Amino acid sequence: MMRNFLSVITRHWIGLLGAVIALIAVVLMLTLVAIQLTGFRGGAYLGIVTYMLLPALFAIGLVLIPIGVIRKRRIDAAAVAHHELLQPGLPVIDLNNERTRGFVIASVLVGLVSVVVLAGATHKGVQEMESVAFCGTVCHTVMEPEHTAFQRSSHSKLTCADCHIGAGADWFVKSKISGSWQMVSVALNLYPTPIPSPVHNLRPARDTCEQCHWPTKHIGDKLRVRTLFADDEANSESKTVLLMKVGGQQGTTSTGIHWHVDRGIQIRFQSDASRQNIYDVEMKGADGKVRVFKTEDKPAGPVEWRDMDCVDCHNRPSHTFNLPAPEIDSALEDGRIDRTLPFVKREGLRVLSDAKYESKEDARVGITKEIGDFYKTKYAEIAAAKAPQIAAAASALSDIYSWNVFPKMKVTWGTYKSNLGHEDAPGCMRCHDKKHADEGGKKISGSCNLCHVVLAEDEKDPEILKTLKP
Ligand code: HEC
Ligand code: HEC
Ligand code: HEC
Ligand code: HEC
Ligand code: HEC
């Protein structure tokens, strides 16, 4: 039966060609999938080859087969109608003929050499595709914001795949399929700008973050000192000191921020697609009791349920985009901007905040000119005496702009907000807003000491730091 089928489909050269193409495609596809399943990470191109080009080739092969069969049938029918002898559908290769024999041997040799060359080229190409550079730069414009932020993050030694794909075969294949379509959308300019956040099909943090960070390892408190600079002439320095309660489980009781991801705790919430508006919050405690906190606010559109994990607070673990103020503060703190330049904080904020440049190169020129002009017109002496410091400040401000604003992707200050806190975005206050209450009327707490103790807020010379650093 099988033999009969094979002989029918390969009786005409078109069918034979189709069968060969389909077979090669299947073998290559299976080989590539097998290589990838052994933990080999290719990039988007490998994905395209495996999950788009080869299947397409396979389909072409499949289409050719019936065409061959029909062709052959027609030729046979015509032959029968004209009472002619049935012609063989394939060329007759006579290996007794010396020329034919030479040709066949040469073809086999050329074929073998090409296989070796192709295998080498594929190997090299695939190595290339594994790198972060590939993810971040091949679709340069598209991934530029995330790639730039990533390089400045604590995760800069990871690969994009560590969080976006993680371990295991099923997510790998999933990511390859969606990755291939992403490449097509990049090629055809179909991608949205800015790339939407949150990412709705991101792999759950259990499978990614927790490969390296153990949720119950969060213990105790952490001191956070922030240095701020005012917009007066002296750029006056002040400090905010917070004792962050970053702990989770402590013995049998659990106190602190990482309680949400403790084992035994399950929190689900209902939100709109932006995840910025949270409605019902369902919490299952270690004792198995379920409490539902509801708000008076009614959703305007469709809502979905989601299990809370790391990413609901750490939504920018590797792609943190900052606002101008904290960026300038840290540049002033570590000396990239000279703090003796009068009004440099205020002017920095001004030139960064209203800047609307077409590209980062334009921004560099514009920012340098604006800062230079300010000192030339308002502080001529300083402009002359501190020219190198002013140039350095302009350069630092231009860097800050290029790290956070990406005109081509329509990413600007505040496009991607962090949920880790309550400064840039509602963040924690999406639930801790004192509006979410359970049946008994008990609210999710918004008390200022729940998450941190504010030891000093915007103080010139806080007592607490004198105690800690006598
Ligand atoms: C430490 C983990 C981690 C690493 C490493 C990482 N990402 Fe992400 N990325 C995330 C998370 C988490 C989100 C989703 C944020 C959300 O859904 O709110 C995200 C979102 C994105 C988005 C959607 C737009 C946005 O900014 O929210 C893009 C694009 C992206 N990442 C690209 C990359 C690229 C390119 C790399 C490598 C250069 C990379 N990521 C490395 C964790 C990571
Ligand atoms: C492959 C290992 C790995 C994975 C996966 C990973 N991280 Fe990390 N993470 C690290 C390392 C290494 C550091 C740096 C530690 C340091 O600098 O002390 C770090 C630092 C951090 C920090 C503290 C520094 C900061 O930038 O605030 C946070 C928060 C964090 N990771 C969250 C996450 C989240 C959320 C995820 C999942 C989306 C994740 N990590 C996935 C390895 C990983
Ligand atoms: C999806 C809703 C939601 C978000 C977002 C959220 N929380 Fe909570 N949080 C809860 C619920 C529910 C409780 C338990 C309330 C109770 O026990 O009455 C809680 C309790 C806490 C507690 C007390 C833990 C304990 O030991 O009992 C702390 C601390 C806390 N949250 C910090 C934060 C911080 C910090 C953020 C932002 C980075 C945040 N939460 C964001 C829902 C949320
Ligand atoms: C309820 C919100 C919330 C959730 C959920 C959450 N975190 Fe955090 N995490 C925080 C906050 C807030 C901080 C403190 C940030 C700071 O330094 O001010 C923090 C700090 C951290 C740090 C740095 C701790 C240190 O001592 O420097 C790491 C690492 C981290 N989180 C990893 C994770 C991982 C992994 C998960 C998921 C298993 C997770 N977090 C879930 C809010 C959260
Ligand atoms: C649900 C948890 C939670 C509650 C409630 C909360 N905060 Fe915060 N707060 C945070 C987190 C998280 C941060 C971010 C710390 C960081 O920068 O990593 C923060 C940051 C701050 C900062 C520092 C901002 C800066 O300049 O960096 C101040 C000041 C502050 N909170 C004051 C308050 C006050 C006042 C209240 C009471 C009205 C309050 N917080 C309630 C979680 C909370």
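Values reported hereafter were calculated over all heavy atoms of this structure, with side chains retained and with hydrogens, waters and symmetry mates removed. Both ligands and their constituent atoms are indexed starting at 1 by order of listing. Predicted model only: the values in this text are computed from it and were never measured.
Here C163 fails the criterion, with no N, O or S atom under 2.8 Å of atom 8 (Fe) of ligand 1. Distance check for C313 against atom 8 (Fe) of ligand 4: none of its N/O/S atoms falls below 2.8 Å. The distance from atom 8 (Fe) of ligand 3 to the nearest N/O/S atom of H260 is under 2.8 Å. Taking 2.8 Å as the threshold, C428 does not count as a candidate ligand of atom 8 (Fe) of ligand 3, since none of its N, O or S atoms lies below it. At least one N, O or S atom of H258 sits under 2.8 Å from atom 8 (Fe) of ligand 4.
Once rounded to the nearest 0.5 Å, the distance linking CG of L455 with OG1 of T467 reads 10.0 Å. Here the CD atom belonging to E304 is positioned 8.5 Å from the CZ atom belonging to F269, to the nearest 0.5 angstrom.
Protein heavy atom closest to atom 35 (C) of ligand 4, with residue, atom name and distance, is H213 CB, 3.3 Å.
The ligand atoms of ligand 1 that sit less than 4.0 angstrom from a heavy atom of H147 are 38 (C). Of all the atoms in ligand 3, the ones that sit under 4.0 Å from a non-hydrogen atom of C431 are 1 (C), 2 (C), 3 (C), 4 (C), 5 (C), 42 (C), 43 (C). Close approach of ligand 3 to R430 is summarised as follows: ligand atoms under 4.0 Å from at least one heavy atom of the residue are 5 (C).
The closest non-hydrogen atom to atom 6 (C) of ligand 3, taken over K443, M283, K442, H432, comes from H432. Between the choices L450, D433, D280, the shortest heavy-atom distance to atom 22 (C) of ligand 3 belongs to L450.
Heavy atoms of D312 found under 4.0 angstrom from ligand 4: none, in either backbone or side chain.
Polar contact with ligand 1: present for S197 (N/O pair, distance under 3.5 Å). Considering backbone and side-chain atoms together, P196 places no N or O closer than 3.5 Å to any N or O of ligand 1. Residue R275 places no N or O, backbone or side chain, under 3.5 Å from any N or O of ligand 1. Residue-to-ligand polar distances keep N419 apart from ligand 3: every N/O pair is separated by 3.5 Å or more.
Heavy-atom separations between R316 and ligand 1 include at least one value shorter than 4.0 Å. In this structure, H422 falls outside the shell of residues with a heavy atom less than 4.0 angstrom from ligand 3.
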